[in-house]
Amino acid sequence: MENIKKIYNCLLSEYGPQGWWPLLDFRGRNPTKTGSIKGYHPRDYSFPKNDRQRFEICCGAILTQSVAWSSVEKALMNLKKIKAIEATAINKINIEKLKSAIKPAGYFNQKAKKLKEFAKFYISLKGKTPTREQLLSVWGVGRETADSILLYAYKVPIFVVDAYTKRIFSKLGFFKESADYDEIRELFEKNLPKDFKIYQEFHALIVEHAKRHYTKKLCGINCPLKKIVK
DNA sequence: AACCAGGACGTGA
DNA sequence: TCACGTCATGGT
């Protein structure tokens with residue numbers, strides 16, 4: 001399974017550092033990225049720089065569930081406008097007001113409740129890093145969201161497995177599409193240095209590669225990685 | 001004009 | 001455990 005690392009190196013040299021997780025108040029851009037969403041910070045792994053950014057990442061991780069980031073960005077900008085990207089603010093805000101702010105990100109009834117639940121949890125942490133189990137106990141936080149929060153908001157070296165990861169690597173023959181989330185996660189963690197920077201970068205690269213070669217239509221035809229895996 | 005996007009939860013078998 | 005329905009807006 002040395003191939004896992006080969007693929008990482010290949011994607012990195014192909015697309016370059018991705019600069020995830022995007023932040024609203026960071027003006028930098030990634031010129032190699034598809035689309036023109038701002039907030040990426042390639043080669044800079046010092047984020048989040050403060051608690052505000054940390055909470056923003058958590059909100060984004062919840063809001064992006066099954067939704068394109070461009071939609072999440074709108075929702076986050078709405079929240080910023082009403083000064084609600086802060087746990088205490090989300091905790092207090094009128095739920096209907098919260099729903100209308102995050103409407104662009106879809107599933108607003110559920111996601112408003114999820115943000116409320118998470119804000120309460122976040123406050124209870126009092127600045128400490130949550131465990132994965134603690135995160136999973138929060139209503140609305142599943143495995144991918146928990147791992148995204150740990151990896152990008154807290155720099156904990158946990159590999160994030162998303163639908164794209166399953167699609168790409170099952171097509172390449174690493175496991176079957178129905179494989180268990182944690183088994184897939186451990187496969188990646190076992191074959192990579194335990195480094196949050198690499199995990200962050202790889203996950204972002206997988207999303208970028210999927211958008212170019214693994215949409216449901218393309219489904220990997222012409223995927224250059226096939227030659228590497230063989 | 002269907003189809004899908006950086007999932008999670010509830011339900012019934 | 002597992003397969004399936006539901007949630008909802010916005011871009012292609």
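- Between C:dG5 and B:dC4, the distance separating the two P atoms is 15 Å to the nearest Å.
- Ring geometry, A:Tyr152 versus A:Trp20: the interplanar angle falls from 30° to 60°, so the pair is classed tilted.
- Here B:dG7 presents its P atom at 16 Å from CG of A:Leu115, a figure rounded to the nearest Å.
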Report summary line: Contact string for nucleotides 7-12 of chain C, one letter per nucleotide 5' to 3', B = base within protein heavy-atom range under 4.0 Å, S = sugar-phosphate only, - = neither, reads BBSSS-
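- Using the six-membered ring where Trp is involved, A:Phe174 and A:Phe169 have ring planes that are perpendicular, over 60° apart on the 30 and 60° scheme.
- The same atom, P, is picked in B:dC9 and in C:dG10; the two are 24 Å apart, to the nearest Å.
- The 5' end of DNA chain B is approached more closely, in terms of each residue's nearest nucleotide, by A:Ser148 than by the other of A:Lys113 and A:Ser148.
- Residue A:Thr145 has its side chain nearest to B:dG7 when only B:dG6, B:dC4, B:dG7 are considered.
- Note: A:Phe188 and A:Phe175 have perpendicular aromatic rings, judged against thresholds of 30 and 60 degrees for the angle between ring planes.
- Note that CZ of A:Arg52 is 7.0 Å distant from CG of A:Leu23, once rounded to the nearest 0.5 Å.
- Protein atom CZ of A:Phe118 is 15 Å distant from nucleotide atom C1' of B:dA8, rounded to whole Å.
- As judged by a 4.0 angstrom heavy-atom cut-off over every strand, A:Val160 is placed among residues making no nucleic acid contact.
- For the pair A:Tyr164 and B:dG6, the ring geometry does not qualify as stacking, because the centroid separation below 5.5 Å and plane angle under 30° are not jointly satisfied.
- A cation-pi arrangement is not found for A:Lys99 relative to A:Phe108, the charged atom failing to lie both closer than 6.0 Å to the ring centre and inside a 45° cone about the ring normal.
- A:Tyr181 places its OH atom 11 Å from the C1' atom of B:dG6, with the value rounded to the nearest Å.
- With values rounded to the nearest 0.5 angstrom, A:Leu151 atom CG is found 8.5 Å from A:Phe196 atom CZ.
- Sequence order on DNA chain B of the closest nucleotides to A:Val138 and A:Trp21 puts A:Trp21 first from the 5' end.
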